[in-house]
Amino acid sequence: MAEKPDYVLVYGDTNSTLAGALAAVKLHIPLAHVEAGLRSFNRQMPEEHNRVLADHCTDLLFCPTQTAVDNLAREGITGEAPHRIGVHWVGDTMYDAVLQFSEIARQRSTILDDLGLEPKKYLLATVHRPYNTDNPENLRDILAAFAEIEEPVIFPVHPRTRQRD
């Protein structure tokens, strides 16, 4: 409260995203959400609840895709309500980061040589969402699918996943 922010900016669909959204709403501070409108339509995923609830609290919604804009419109979030500043299709910040840093990675990285891989002849996978890691059957199914893939799968294990048996 001492900082008196013009906006609270939340990103993504984590529990901290929802916590920030709720804090902003309760303190009457305008809220902006980056990655607004993304939906899996799977209400068993905790992140899906975070996405929906955060978006319904948000004043300024930054969407990565037109599909995200359309998802919000189907939920009645169009930027036209009196308290909303707007819904904006701004592009995908994660994709932008990949574009920005891919040339640097190509120039500096030795990981392909270190792992004995050829460019474009491997897959990279991460598994970290609670829906995938906290249910042993889901995690087993994902790992079994990796084993069936013909190409090498590089799987840098996220700390959340590493904690599972």
Side-chain angles (χ1 to χ4, degrees), residues 8-26 31-58 61-78 87-102 105-106 109-165:
V8 169
L9 178 67
V10 296
Y11 187 101
D13 60 9
T14 62
N15 290 338
S16 60
T17 300
L18 181 57
L22 290 173
V25 167
K26 291 187 179 281
L31 178 64
H33 184 199
V34 176
E35 286 194 343
L38 294 181
R39 299 290 184 267
S40 68
F41 303 102
N42 179 349
R43 291 294 180 109
Q44 292 182 355
M45 292 178 67
E47 300 88 351
E48 185 72 356
H49 293 277
N50 294 348
R51 293 175 190 134
V52 172
L53 293 168
D55 285 343
H56 281 265
C57 294
T58 299
L61 300 105
F62 297 117
C63 301
T65 64
Q66 181 61 51
T67 300
V69 172
D70 296 342
N71 289 340
L72 292 173
R74 279 191 291 280
E75 295 173 18
I77 301 173
T78 61
V87 173
H88 303 277
W89 176 13
V90 297
D92 187 335
T93 56
M94 296 303 274
Y95 179 68
D96 291 343
V98 168
L99 292 179
Q100 182 175 351
F101 293 104
S102 61
R106 266 191 289 284
S109 178
T110 61
I111 193 69
L112 294 181
D113 289 337
D114 294 349
L115 297 177
L117 297 170
E118 293 181 49
K120 300 186 181 195
K121 300 222 177 183
Y122 66 94
L123 301 171
L124 175 67
T126 65
V127 180
H128 63 277
R129 292 200 176 276
Y131 179 80
N132 293 324
T133 61
D134 293 355
N135 180 323
E137 185 177 337
N138 289 353
L139 185 55
R140 269 194 301 277
D141 289 346
I142 291 167
L143 296 176
F146 290 170
E148 293 179 16
I149 296 173
E150 298 289 325
E151 295 182 88
V153 177
I154 306 306
F155 180 38
V157 180
H158 189 278
R160 166 180 278 286
T161 309
R162 188 176 303 280
Q163 291 175 354
R164 303 298 165 225
D165 292 348

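Note on residues 129-149: pairs passing ring-ring contact (aromatic ring centres under 6.0 Å, His included), not counting sequence neighbours, are F146-F155. Pairs engaging residues 115-126 under the side chain to side chain donor-acceptor pair (under 3.5 Å) rule: none recorded [sequence neighbours left out]. Judged as a side chain to side chain donor-acceptor pair (under 3.5 Å), the pairs with a partner in residues 133-147 (not counting sequence neighbours) are, in order, D134-R160, D134-R164. Judged as a salt bridge (Lys or Arg N to Asp or Glu O under 4.0 Å), the pairs with a partner in residues 8-26 (not counting sequence neighbours) are, in order, D13-R51, D13-R129.
Here the closest non-hydrogen pair linking P64 and A36 is CD-O, 3.5 Å.
D113 pairs by the side-chain hydrogen bond (donor to acceptor under 3.5 Å, both in side chains) definition with nothing, not counting sequence neighbours. With sequence neighbours excluded, no residue forms a side-chain contact (heavy atoms from CB on, under 4.5 Å) with E148. Scored by the side-chain contact (heavy atoms from CB on, under 4.5 Å) test, T67 finds T65, N71 as partners (sequence neighbours excluded). Annotation: ring-ring contact (aromatic ring centres under 6.0 Å, His included) contacts of H88 (sequence neighbours excluded): none. Contacts of L99 classified as side-chain contact (heavy atoms from CB on, under 4.5 Å), with partners at least two apart in sequence or in another chain: Y95. The salt bridge (charged side-chain N to carboxylate O under 4.0 Å, His left out) check on R74 picks up nothing, with sequence neighbours excluded. For H49, there are no ring-ring contact (aromatic ring centres under 6.0 Å, His included) partners at least two apart in sequence or on another chain.
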Name the atoms and distances for all side-chain donor-acceptor pairs under 3.5 Å in residues 17-25, with sequence neighbours left out.
residue : atom : partner : partner atom : Å
T17     : OG1  : Y11     : O            : 2.6
T17     : OG1  : T14     : N            : 3.3
T17     : OG1  : T14     : OG1          : 3.1

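Once rounded to the nearest 0.5 Å, the distance linking CD of E47 with CG of N42 reads 9.5 Å. If you take CD on E48 and CG on L38, they are separated by 9.0 Å, rounding to the nearest 0.5 Å.
Using a 4.5 Å cut-off on side-chain heavy atoms (C-beta onward), P156 and L124 make contact.
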Exercise for review: Let me see the working for L72 and T78 under side chain to side chain contact (heavy atoms under 4.5 Å, CB included), right down to the final yes or no.
Suggested key: CA-CA 7 Å; L72 292 173; T78 61; over 6 Å; no
Exercise for review: Could you go through the side chain to side chain contact (heavy atoms under 4.5 Å, CB included) check for C63 and V87 one step at a time?
Suggested key: CA-CA 7 Å; C63 301; V87 173; 3.8 Å; yes
Practice item. List the steps, then state whether side chain to side chain contact (heavy atoms under 4.5 Å, CB included) holds for V34 with V10. Key: CA-CA 6 Å; V34 176; V10 296; over 6 Å; no
**Study point:** Candidate pair V52 and H56, rule side chain to side chain contact (heavy atoms under 4.5 Å, CB included), full reasoning
**Key:** CA-CA 6 Å; V52 172; H56 281 265; 3.8 Å; yes
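Not one N or O on the side chain of E151 forms a donor-acceptor pair closer than 3.5 Å with the backbone of L123. Without hydrogens or angle criteria, D55 side chain to G37 main chain gives a donor-acceptor distance under 3.5 Å. With hydrogens and angles disregarded, no donor-acceptor distance shorter than 3.5 Å links the side chain of T161 to the backbone of V157. In this structure a side-chain-to-backbone donor-acceptor pair under 3.5 Å is missing from W89 to V69. Of the possible polar contacts, none joining the H33 side chain to the F62 backbone as a donor-acceptor pair under 3.5 Å is found.
If you check the side chains of D96 and Q100, you find no donor sitting under 3.5 Å from an acceptor.
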